[in-house]
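Worksheet for the structure shown next.
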Amino acid sequence: MTDIPVPKDIPLPLPAPEPILIGVLVFFFLAHIIFVNFMVGGSLLTLYYEIKGLKDKAYDKLAYTLASTITVNKSLAVVLGVGPLLAINTLYTVYFYSANALTGDYWILVIPTVISAFLLTYVHKYLWHKMERVKALHIMVSALANALFLFIPLIFLTNINLMLFPDTWTTIKGFWDGLFHVGNPFPRYFHFLAACFALTGLFMVWMFRRMDEEEIAAIGFERSVLIRKGYQWAFWPTLMQFVIGPTVMFTLPEVSQPIGKVYGMIGFGALTAMLMMFFMMFEVRRAPDRIGRSFNIIAFLMVVVILFMGSGRHLYREAAVSDHRQLVHEKTELYMEQVREAEKNAPKEEEE
Amino acid sequence: MDFPIFHLDLFGNRALIATIAILHVLINHGLAVGMMPLIAAMEWWGHKKQDPRWDNLAYKILFVCFIITTTVGALTGVGIWFSASLINPYSIGSLIRVFFWGWFIEWLVFITEVCLILAYTLTWKKWSAQGKKKQHIWLGFALAFFSWVTMAIIVSILGFMMDPGNWLTHHSLWNGFTNPIYLPQLAFRTPLALAQAGIIAMFLALFFIKKGDNFRLEALRGLGLWSFCFAPFVLLGGWWYYSVVPDSMQENIGVSMMTLQFTEWHEKFMQIILGTVVLIFIVVQVAIFRPRYLPRWILIIPLFSIIWMTGHFERVREFIRKPYIIGRYMYANGMRVEDYPLLQRDGVLAHMTYSHPLSEEEKKLAPEQISPGGKNLTKEQVDILLGRIQDGKNVYMNTCSRCHTGQGVNSLKGQFQRMMGDRDWDPETISAYLDIMHSQPFMPPFPGNQADKDALAEYIRHLKYNDTPVPGAQNGGVAVHAPKAQAQTMPEAEEKQ
C-alpha cells in the first residue's frame with residue numbers, strides 16, 4: 001500500500017492546447033505578481049517613509065505620494081490574478097484544488113483578509129490629511145494593512161508548495177502544518193519580499209521620472225534624489241537575492257524528474273540580473289541631470305529576469321508533478337473505461 | 001468527488017458560497033452595472049445644465065461605489081471562485097473546461113472595466129479642470145457598457161448551469177452559451193440593476209445633500225425618475241424569465257412533487273417582483289412629487305425589498321437546477337450522471353481515493369453502541385464497528401456533505417431526529433429511510449450500492465450519539481482509502497441473518 005494518493009482527473013478535455021494554457025499561466029501570472037510586488041512593496045515603503053516623516057516632513061510627503069499609488073496597483077494586482085487562476089485551475093485541477101481543500105479555512109480567509117487590507121489602505125490614503133493630528137493612529141492603520149499584506153503570501157505559498165507534492169497530502173492537517181512541513185515556503189517568501197522592494201524601487205524611478213516639476217516640488221526632494229532612492233531600493237534587495245536565490249534553489253525538495261533546465265533558466269536569470277545591477281550602479285553614480293537615462297534598459301532587463309525566474313518556476317512545477325500526472329491520467333482512463341462498461345451493461349441488468 | 005473534501009459542519013458548505021455570491025451580486029448589480037450608467041448620466045446632465053451640484057453628487061456617489069466595488073466587490077468575485085473550488089471542485093473544474101474562453105474574454109472585459117473605473121474616478125477633477133468634460137462623460141458611458149458586458153457573459157454561464165441546452169450532445173462552448181434561459185435572465189437582471197442603482201443613489205443623496213438645500217429635492221426627483229423608468233422593465237423581464245423557466249425545468253425533471261414545490265416558489269417569486277415594483281413606484285412617486293416628505297429610512301424599504309428579491313431570485317435559480325449542479329450532467333453531490341451505473345454497481349467506496357479519518361473525538365462510542373442489548377462488544381467487534389463508521393463517514397463525505405452537515409444546518413442528524421425521534425436508530429430502518437429520501441426529486445439518486453448505504457446508516461446512527469462536528473480535510477486531513485474495510489460486517493448482523 002502506498003500513501004501517495006492518485007486521484008482521478010475531471011474527464012473533460014482541456015479547452016485549448018496545453019502550451020497555450022501554459023503561456024496564459026506563466027505570462028499573466030508574472031503580470032499579476034509584478035503588481036502584487038508594487039502593492040506590497042509600496043505599502044511597506046509608505047510605512048517606512050511615514051515613520052521617517054515624523055522627523056522630516058519631506059519624507060511624509062514622499063510616503064503620501066507612494067500611498068497614492070498602492071490603491072491603483074492593488075486593483076490591477078487583483079484583476080490580473082484572475083487569468084492565471086483560471087489557467088492553473090485548468091492545467092493543474094487535481095493538484096491545485098487538493099491543496100486548496102487541505103488548507104481550506106485559510107484559503108478562503110484570503111478573501112476577507114485582502115478586503116480588510118484594501119479597506120485599510122483606502123482609509124490610510126484618503127484620511128491622510130484628516131488624521132494629521134492622530135499620526136500614531138494613522139501609522140497604526142498602515143502597520144495593520146502591512147501585517148495583513150505580509151501574511152497573505154504565506155497562504156498562497158503554502159498552497160503552491162503543497163500542490164507540487166502529493167506525497168505530503170496525507171501527512172498534513174491544515175494550513176500551519178502545510179506551511180511548516182511542506183517544501184520551502186520561507187526561503188520563497190523572503191525571495192518574494194526582496195522582489196517587492198526591488199520592483200517597487202524601479203516603480204519609484206519610473207514614477208519620479210515622469211512626474212511634472214510641480215508635483216516633484218510638492219514632495220520636497222530633488223527629482224534626482226528621488227530617482228536615486230528608487231534605484232537604491234531596487235539595487236540592495238536585488239543584491240540580497242544572490243543569497244536568497246541560491247537558498248531557495250538548495251532548499252527545493254527533490255523531485256522525480258531531472259531539473260537541469262530549471263537551473264539553466266535560473267542561471268540565465270541570475271546573469272541577466274547581474275547585468276541589470278551593473279547598469280543600476282552606473283545610473284546611481286550619474287550626475288543629477290543625467291540620472292534615469294538607462295531606466296528603459298534596466299526595466300527591460302528586469303522583465304527578462306522575471307521571465308527567466310517565472311519559466312524556471314514553471315519547469316520545476318512540471319518536474320515535480322509530471323510522473324504523478326501520468327498516474328492520474330492512467331487512472332482516469334481506466335475509470336472511464338469502467339464507467340463505459342458499466343453503462344453498457346446497466347440496461348441489460350434492468351431487463352433481466 | 002475525488003478530492004480531499006473541504007467541509008464546514010456548522011453553517012454548511014452552501015452557506016459559504018451563498019453568502020459570498022449574494023454579496024457579490026448585490027454589489028455588482030447595484031453599484032456597478034446599474035450605477036455606472038446612472039453616474040455618467042448625472043455627470044452629463046450636470047454638464048448640460050451647467051449645474052455643478054449634479055457633478056458633485058455624481059462624484060460623491062461614484063467615490064462610494066469605487067471604494068466598495070474595488071474592495072468587497074472585486075474580492076467577492078474572486079471569492080466565488082475560491083469557495084466554489086472548495087465546495088464543489090468537480091463542478092467548477094468542469095465548468096472551467098467548458099467555459100474557459102468565455103471566462104477568459106470576461107476577464108479581459110473585467111480588466112478593461114477596472115482600468116476604466118480607476119481612470120474615471122481618478123481623472124474626474126483633473127479632466128474637469130482641464131476642460132475635458134465631454135471626454136470624461138464618454139469614459140463614464142464606456143465604463144457602464146463594459147460593466148454590463150461582464151454581467152452579460154457571466155449570466156450565460158449561470159443559465160448554462162440551470163439548463164445546458166444542446167451542450168450535452170454537442171459539447172461546444174457556443175451551445176452552452178446560447179442556452180434557453182440566457183436572454184430572459186439577462187432581460188431581468190439588467191433593469192433590476194438599473195432600478196436598484198436609482199434607489200441606492202437616492203439613499204446616498206440624502207446623506208450627501210443637506211436638509212435645507214433645494215437641490216436635495218431636485219436630486220430626489222431626478223433619481224426617482226430613473227428608477228421609475230426601469231421598474232416596469234423589471235416586471236417585464238421578470239415575467240419573461242418566469243414564463244421560460246418551467247419549460248426548461250420540465251426538461252430537467254418532470255416529477256409532480258418537484259413541480260408542486262417549485263410552483264409555490266415560482267409564484268412567490270412573481271409576487272415578490274410585483275410587490276417590489278409597486279413599492280418602488282410608491283416611493284419614487286413620493287420622491288418625484290413630494291420629495292420633502294421622503295425620510296431616509298423610507299428608502300431602506302424598497303432597497304431591502306430589492307435585496308430580498310435578488311436573494312430570492314438566486315434561491316429559485318439554485319432550486320430549479322436541483323438535483324443537479326450542472327443540469328442533466330452532474331448531480332449536486334459532484335457525481336456525474338454517467339458515473340452512476342458504475343458507482344451503484346461497485347459502490348462509491350470501491351472507487352474512492354481519499355478517506356477522511358475519524359478524529360479521536362469522533363471515535364468515541366456511546367454505551368448504546370458498545371453494549372447493544374446489555375451485552376458488551378469485544379475489542380475486535382468495536383474495531384469492526386469503528387471500521388464501518390469510518391466507511392459510513394467516507395460515504396457521507398463523498399455523497400452527502402455538499403448539501404448536508406453532520407450536526408449543523410440542514411444536518412443528517414436533524415433529518416433523522418425528525419423522522420426517528422429519541423429511540424435507538426436502527427441502521428436497517430435508516431437504510432430504508434435513505435431509499436425514501438433519495439426518491440425525492442430534489443435529491444440526487446443515491447450513488448452507491450447497498451453496502452455503502454449500510455455503512456452510511458451505521459454512521460448516521462453514530463451521529464445520534466456523538467455530537468462532534470464533522471471535520472473537513474482542512475482540519476482532519478486525509479488518508480489514502482483502503483477499500484478492504486468495506487467488506488467487514490458486524491458479527492451481530494451476521495448472527496441475525
Side-chain angles (χ1 to χ4, degrees), chain A residues 1-8 10-16 24 71-72 74-76 78-83 85-86 89-90 93-94 96-98 100-108 110-112 114-115 118-119 122 169-175 177 335 338-339 341-343 345-346 349, chain B residues 2-7 16 20 67 70-72 74-79 81-83 85-86 89-90 92-94 96-101 103-104 107-108 110-111 113-115 117-118 122 171 173 336 338-339 341-346 351 353-354 472-480 482:
Chain A
M1 202 185 85
T2 169
D3 276 338
I4 303 178
V6 181
K8 302 178 282 287
I10 290 172
L12 284 171
L14 289 177
V24 169
T71 47
V72 175
K74 70 111 181 77
S75 286
L76 293 171
V78 169
V79 72
L80 287 171
V82 175
L85 185 65
L86 198 58
N89 273 246
T90 316
T93 314
V94 164
F96 193 60
Y97 289 165
S98 300
N100 294 171
L102 289 166
T103 58
D105 35 12
Y106 281 82
W107 181 242
I108 200 68
V110 165
I111 303 302
V114 175
I115 290 174
F118 284 3
L119 287 171
Y122 275 132
W169 294 351
T170 52
T171 63
I172 66 144
K173 280 188 182 176
F175 163 73
D177 225 3
Y335 176 76
Q338 291 175 316
V339 165
E341 179 262 328
E343 208 174 17
N345 293 330
E349 282 168 16
Chain B
D2 217 16
F3 289 101
I5 295 174
F6 172 85
H7 180 66
L16 179 70
I20 296 174
I67 298 287
T70 58
T71 52
V72 188
L75 265 301
T76 46
V78 180
W81 290 74
F82 275 42
S83 56
S85 72
L86 289 176
Y90 249 63
I92 190 75
S94 303
I96 288 174
R97 295 214 182 175
V98 177
F99 276 106
F100 182 87
W101 292 111
W103 259 313
F104 191 81
W107 175 55
L108 297 181
F110 181 41
I111 293 176
E113 187 192 347
V114 169
C115 292
I117 197 171
L118 287 170
L122 301 175
H171 276 57
L173 174 68
R336 294 175 318 137
E338 207 182 326
D339 293 328
L342 177 70
L343 297 177
Q344 287 178 332
R345 187 191 71 189
D346 299 353
H351 292 279
T353 300
Y354 295 100
Q474 76 275 17
N475 4 75
V478 289
V480 173

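Just the heavy atoms: all of them, side chains too, but no hydrogens, waters or symmetry mates, feed the values below.
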- For A/Ile172, is it the side chain, the backbone, both or neither that has a heavy atom under 4.5 Å from a heavy atom of chain B? backbone
- Message: Has B/Asp2 got a side-chain atom pairing as donor or acceptor with A/Pro7's backbone, closer than 3.5 angstrom?
- Response: no
- Message: So which residue, A/Ala16, A/Gly81, A/Gly104, A/Pro11, ends up with the most heavy-atom pairs under 4.5 Å with chain B?
- Response: A/Gly104
- Quick one: sort the A/Trp169 and B/Tyr354 rings into parallel, tilted or perpendicular, breaks at 30° and 60°. tilted
- Message: I'd like to know which of A/Leu119, A/Thr71, A/Thr171 tops the heavy-atom pair count under 4.5 Å against chain B.
- Response: A/Leu119
- So, does A/Trp107 use its side chain to make a donor-acceptor pair with the main chain of B/Ser83 at under 3.5 Å? no
- Note on the structure: Applying a strict 4.5 Å limit to non-hydrogen atoms, the region of A/Leu85 in contact with chain B is side chain
- Among A/Phe118, A/Phe175, A/Phe96, which residue forms the greatest number of heavy-atom pairs with chain B at distances under 4.5 Å? A/Phe118
- Out of B/Leu75, B/Leu16, B/Leu122, which one racks up the most heavy-atom pairs below 4.5 Å with chain A? B/Leu75
- Which residues share a salt bridge (Lys or Arg N to Asp or Glu O under 4.0 Å) with B/Arg336, sequence neighbours left out: B/Glu338, B/Asp339
- Message: So which residue, A/Gly174, A/Ser75, A/Gly83, ends up with the most heavy-atom pairs under 4.5 Å with chain B?
- Response: A/Gly83
- Sort out for me which of A/Leu86, A/Asn100, A/Ile108, A/Leu102 touches chain B most, counting heavy-atom pairs under 4.5 Å. A/Leu86
- Query: How close do A/Val79 and B/Val114 get, heavy atom to heavy atom, and via which atoms?
  - Reply: CG2-CG2, 3.9 Å
- Against chain B, label A/Val24 side chain, backbone, both or neither, depending on which of its atoms sit under 4.5 Å from a heavy atom there. side chain
- Query: Taking side chain as C-beta onward, heavy atoms only, is A/Leu76 less than 4.5 Å from B/Cys115?
  - Reply: yes
- Message: Any heavy-atom pair between the side chains of B/Phe100 and A/Leu14 that's under 4.5 Å?
- Response: no
- Query: If you measure from CZ on B/Arg97 to CG on A/Asn89, what distance do you get to the nearest 0.5 Å?
  - Reply: 10.0 Å
